[in-house]
Amino acid sequence: MASLQTYNPPENPSKSLFKYFRFHLDRDSPSDTRDALLIVAALIAAVTFQAGITPPGGVWQDVDENGKDPHHVAGRSIYAAQPTPFFIFLMANTLGLSASISIITYLTIGFPLYMEVVIASYSLLLTYASAIIAITPEDVSFRYILIAAAVPYLVRFIMQTFRKWYPKLEDAITNSVKG
C-alpha cells in the first residue's frame, strides 16, 4: 500500500492552482469527494444527453422536395450531412454519457433507492440510444457507437481484474509514478 503524503498547501494558491485544488487524502473526506464527483457526473450526463437528442445544427423540419440531398429528411440531424464529423460527435458524446452514467452508478452503490438510480440511469441510456437512432441516417454504423457506450464498463472490468490478479504489480506501478 502506498504511504500517505502530508498535504502542504502552497503559500500562494495563485502560483499553483492545480496543486492547491487537487485531491488530498488528509484534507478531503471521501464523502465530500463522492458528492463532488456525483455533481460533475450528473452535469456531464445532462449535457451529453441533451447534445445527443438535439445535435448541433438541429434536425430537418421538412423533406427535400427536389430529392437532391439524401440527408435532408424530416427528423434527421442536419449535422449528419457531414458524415465524419457527425460520427466523431456521436462517438465522443456517447462515450461521455456512458462514462458519466457508470460513475453515477458506481458512486451510489449501497445508497437507499440504489436500484431506482440504476433503473433510471439505464433508462436514460436507452432513451438516448432511441433518440440517436431516430435522428441518424441509415448509413451510420451503430456498432461503433455501441462499443463507445461499453468502453467505460470494459475499462472498469479490466482494471478490477488486473487489481485482483496482479496486486503487487499495481503497487510497483503506483510507487514508480510517485517516485
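As the structure is a prediction and not an experimental result, all values here were calculated from the model.
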Once you round to the nearest 0.5 Å, how far does [atom1] of [X] lie from [atom2] of [Y]?
{"X": "L107", "Y": "L37", "atom1": "CG", "atom2": "CG", "result": "5.5 Å"}
{"X": "L126", "Y": "I119", "atom1": "CG", "atom2": "CD1", "result": "12.0 Å"}
{"X": "T33", "Y": "L38", "atom1": "OG1", "atom2": "CG", "result": "11.0 Å"}
{"X": "R156", "Y": "T161", "atom1": "CZ", "atom2": "OG1", "result": "11.5 Å"}

Indicate yes or no for a side-chain donor-acceptor contact from [X] to the backbone of [Y] under 3.5 Å, with no hydrogens or angles considered.
{"X": "S98", "Y": "L95", "answer": "no"}
{"X": "Q160", "Y": "I158", "answer": "no"}
{"X": "T48", "Y": "I44", "answer": "yes"}
{"X": "R76", "Y": "A134", "answer": "yes"}

Distance-minimising heavy-atom pair for [X] and [Y]:
{"X": "A149", "Y": "P152", "value": "O-CD, 3.6 Å"}
{"X": "S100", "Y": "A41", "value": "CB-O, 3.3 Å"}
{"X": "G52", "Y": "I132", "value": "O-CG2, 3.7 Å"}
{"X": "I78", "Y": "G57", "value": "CD1-O, 3.1 Å"}
{"X": "A131", "Y": "I53", "value": "CB-CG2, 3.3 Å"}
{"X": "W60", "Y": "V73", "value": "CB-O, 3.2 Å"}

Please tell me if the side chains of [X] and [Y] come closer than 4.5 Å, counting only heavy atoms from C-beta onward.
{"X": "P55", "Y": "I135", "result": "yes"}
{"X": "L124", "Y": "F49", "result": "yes"}
{"X": "S77", "Y": "T136", "result": "no"}
{"X": "H72", "Y": "D62", "result": "yes"}
{"X": "I145", "Y": "M91", "result": "yes"}
{"X": "V117", "Y": "I104", "result": "yes"}

ILVMFWY network linking [X] to [Y], side-chain heavy atoms under 4.5 angstrom:
{"X": "F89", "Y": "L97", "result": "yes"}
{"X": "I103", "Y": "V47", "result": "no"}
{"X": "I133", "Y": "I88", "result": "no"}
{"X": "L146", "Y": "F87", "result": "no"}
{"X": "V151", "Y": "M159", "result": "yes"}

Review point. Do any pairs count as a side-chain hydrogen bond (donor to acceptor under 3.5 Å, both in side chains) and have a residue in residues 111-124, sequence neighbours left out, and if so which ones?
Key: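 Residue pairs passing side-chain hydrogen bond (donor to acceptor under 3.5 Å, both in side chains), neighbours aside: Y122-Y153.
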Review point. Quick one: ring pair (Phe, Tyr, Trp, His ring centres under 6.0 Å) partners of F86, sequence neighbours excluded?
Key: Y79
Review point. How would you list all residue pairs meeting ring pair (Phe, Tyr, Trp, His ring centres under 6.0 Å) that involve residues 93-113, not counting sequence neighbours?
Key: none
